[in-house]
Amino acid sequence: MSSAAPTAPDAAPEQAFRLAGRVKSRPRATRLLAAVSRHRADLLVALICVMLAGWLTHGLWPDPSGRILALNPEDQTLYEWFLAVDARALLGDFNLLTDRLNAPDGVNLMANTSVIALGVVFAPVTLLLGAPVTFALLAAGNLAGTAVAWYLLFHRTLRTRRFAAALGGGLCGFGPGMVSQTNSHLHMTAQWLVPVIVWLVVRLLWAADPGPVAHDEAGRTRPAGPDRRRMFTSAAGLAAAVTVQVFIGEEVLFLAAVTLLVMAIGYAVVDRDLARRTLPGFAGGLAIAAGLALLVLGYPLWFQFAGPQGVADGMFTPAYFSADLSSWWTVSPLSVAGGAESARLTTGPAEYNTFLGWPLLLVAVACAIWVGRRRLVFACVVAGLVMGALSLGPEVVLGGTKTALPGPYALIGGLPVVDGALPMRFALALLPIVATLLVLAVDRALRSTGRARRLVPLAVGAALLPIFPTPLPTAERPAVPEFISGGHWRQCVRPGGVLVPVPLPTPKEPWPMRWPTAANAAFGLPEGFFIGPYGRGGTAAMGTYKQPTSALLADVARRGDQPAIGDEQRRQAARDADFWGASCVALTDDAPHADSLRATLEQLYGPATRLADAWIWRV
């Protein structure tokens, strides 16, 4: 008698319920465990990246509100304020022209690196725990997220071994430029969407190839004819990724686009047949992606360049923000083999964008030669040379000395959009380019059976070791006054109103901006640290001009001298308070020369009222 599979009524109760669709929890749990088991190696790589990112930023974690990045505290203060303003989108109180700074004119958030998308996504964290906590999470998360994203691209798109992909992802996420930019430049370190954009571009190219048989870098094949469905989905996905990246950091998107353009040209040079086959469909897919993105980005981009408080040009001098040629073979001061003396080769601790060190440069060149004449290798080499050359700026500088030799950047300097990117940041594109060369070489070595199987990974590891990052220096920062943290400010200024801290914030000393940040941007300030059209002829400038009363109070804070106050100064103080739309002027005990400032303010606005740890004047 043959045995047959039991029907549902004869099966075990659990099996019968499962067949009837009534038991869902165990299959879900089983599928989850199977997924974890299947991807445990990927999860391990992600865990290592998270742990490394946490270690590099561990100085912030004991008390994010009481600790600050010591090498660039001004920018951290600015980004925490951005995050507080962005978080108000969750409360329905958000506009691309915010009135919470530079009262009464406001600040154009699109013209500033305001990381809107990150601020909105992390709004619950900001509103519950404060902007400093969100900043610390993003500082670490951007490093880990970027590394993991590149690892997945190398492993799944290039089909390389996990070890090789992990080395490449680690360089992309934790290379000298990324660690340096973590000193408060959240818009530059949030690069985890770039591998997604690269993957979508490759997917679009792959779908646009009509055949007769298409081959990719991994050797996969598919039937002849363009895959129109995949082309459209790739274009739509590319539009979505580009749109989000614009609201995170436009400069990163610009650098990625230039790099991909150069690589595409290099690829087409060595594979003209592929270029002829795919150009019509690929160009059409890019046009669709651009059109879809502009449906969302059209107004914000107009607002950025032509809207209120918008700026149409860059404000930084390309000649000043150019990479020193000798910095390329020097090790960053933020790496284990670096020294403080090399800091003179760049503009500041947030701009060690080159600093790959001579061992890595030599090994990268050797890897490119050893891997052979692959199309991707040629495209990477061309892109690396172009982006590295552009980073040198309009005039080549060697060891701190101008050489009078013009740099390639001189050919594109002054062009719209290009003018807003700092030349030395073109060097950030070298991290994924060099990483790709290393990944291809290590993967080839791991697939071989000769001595290269050990020698190549050892050489790559030895080249990466000198630039292994060290933890970012941090320092204590003063606590926010009880007047703010205790909510006492509400007794002198209504929510959404304007509070005038003394002295007022400036780009060099933005510390009073911590007050509204601690209050989730519930009130505004005059002046401050931002980019606006206050340069000569309405060009981009950092901050704004001071009103007479603000300039007077800043001088008292700087020198401690009490100026002579007469009727004219009092009338001017009243006019300035009216111009700002101020409800209240506040002075805390920890202000510089607080006694002199208080005496000056009392002559300007009358007797003060004590409120918590602040003196206030209702104006």
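All values derive from a computational prediction rather than experimental measurement.
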Just jot down the side chain to side chain donor-acceptor pair (under 3.5 Å) partners of T259, sequence neighbours excluded, or say none. none
Salt bridge (Lys or Arg N to Asp or Glu O under 4.0 Å) partners of residues 298-312, not counting sequence neighbours, each pair once: none
Backbone N or O of V331 within a donor-acceptor pair of the S335 side chain at under 3.5 Å? no
Does a side-chain heavy-atom distance below 4.5 Å link I248 with I116? no
Whether R598 side chain and L587 backbone form a donor-acceptor pair below 3.5 Å: no
Expected list for residues 104-111: side-chain donor-acceptor pairs under 3.5 angstrom, two or more places apart:
from	atom 1	to	atom 2	distance (Å)
D105	OD2	Y534	OH	2.8
N108	OD1	M110	N	3.0
N108	OD1	A111	N	3.2
N108	ND2	F303	O	2.8
N108	ND2	P308	O	3.0

Decide side-chain hydrogen bond (donor to acceptor under 3.5 Å, both in side chains) for N142 and T189; before the verdict, give the C-alpha distance in whole Å, the side-chain angles of both, and the deciding distance to 0.1 Å. CA-CA 6 Å; N142 284 344; T189 60; 3.0 Å; yes
Sequence neighbours excluded - salt bridge (Lys or Arg N to Asp or Glu O under 4.0 Å) pairs with any residue from residues 517-545: E527-K546
Candidate pair T549 and L604, rule side chain to side chain contact (heavy atoms under 4.5 Å, CB included), full reasoning: CA-CA 9 Å; T549 304; L604 291 173; 4.2 Å; yes
Those residues at least two apart in sequence (or on a different chain) that pass salt bridge (Lys or Arg N to Asp or Glu O under 4.0 Å) with R494 are none
Would you say the side-chain atoms of Q572 and Q547 include a donor-acceptor pair closer than 3.5 Å? no
Restricting to side chain to side chain donor-acceptor pair (under 3.5 Å), what partner residues turn up for T330, sequence neighbours left out? none
Which residues pass the ring-ring contact (aromatic ring centres under 6.0 Å, His included) test with W302, sequence neighbours left out? Y299
When you look at T346 and F321, which way does the side chain to side chain contact (heavy atoms under 4.5 Å, CB included) test go after all the steps? CA-CA 8 Å; T346 188; F321 288 97; over 6 Å; no
Does some side-chain heavy atom of Q309 sit less than 4.5 Å from a side-chain heavy atom of P533? yes
Point-to-point distance, once rounded to the nearest 0.5 Å, from CG of L143 to CD of Q181: 11.0 Å
Parallel, tilted or perpendicular for F483 and W515, by the 30°/60° rule? perpendicular
Atom CD of residue position E476 - does it have more than 12 heavy atoms of other residues, nucleotides or ligands inside 6.0 Å? no
Within the 4.5 Å heavy-atom criterion, are M424 and T347 side-chain neighbours or not? yes
At their closest point, which heavy atom of A608 faces which heavy atom of W615, and how far apart are they? CB-CE3, 3.7 Å
By ring-ring contact (aromatic ring centres under 6.0 Å, His included), which residues pair with F122, not counting sequence neighbours? none
Which of N102, L504, L499 passes side-chain contact (heavy atoms from CB on, under 4.5 Å) with W580? Answer is L504
Checking the side chain of T77 only, and the main-chain atoms of P73 only, is there a donor and an acceptor separated by less than 3.5 Å? yes
Regarding Y79 and H185, is there a side-chain donor-to-acceptor distance under 3.5 Å anywhere? no
Hey, what do you get for CG (L71) to CD (Q76), rounding to the nearest 0.5 Å? 11.0 Å
Treating S391 as the side-chain partner and A323 as the backbone partner, does any N or O pair qualify as donor plus acceptor under 3.5 Å? no
With a 6.0 Å cut-off (strictly less than), is the heavy-atom count around CZ of R575, excluding the residue itself, greater than 12? yes
D595, CG: over 12 other non-hydrogen atoms inside 6.0 angstrom: no
Mind checking side chain to side chain contact (heavy atoms under 4.5 Å, CB included) for A290 and listing every partner two or more places apart, or none if nothing turns up? none
ring-ring contact (aromatic ring centres under 6.0 Å, His included) partners of W81, counting only residues at least two apart: none
Quick one: which of L101, D576, V498 gives a side-chain contact (heavy atoms from CB on, under 4.5 Å) with P526? V498
Please list all pairs meeting salt bridge (Lys or Arg N to Asp or Glu O under 4.0 Å) that have one or both residues in residues 578-590, counting only residues at least two apart or in different chains. D589-R610
Name the orientation class of the two ring planes belonging to W55 and F468 (parallel below 30°, tilted from 30 to 60°, perpendicular beyond 60°). tilted
Set out, in order, the CA-CA distance, both residues' side-chain angles and the distance that settles side chain to side chain contact (heavy atoms under 4.5 Å, CB included) for F135 and L186, then state yes or no. CA-CA 8 Å; F135 178 90; L186 297 181; 3.7 Å; yes
Taking Y605 for its side chain and R570 for its backbone only, find out whether a donor-acceptor pair lies under 3.5 Å. no
Would you mind listing every salt bridge (Lys or Arg N to Asp or Glu O under 4.0 Å) that reaches into residues 499-516, with sequence neighbours excluded? none
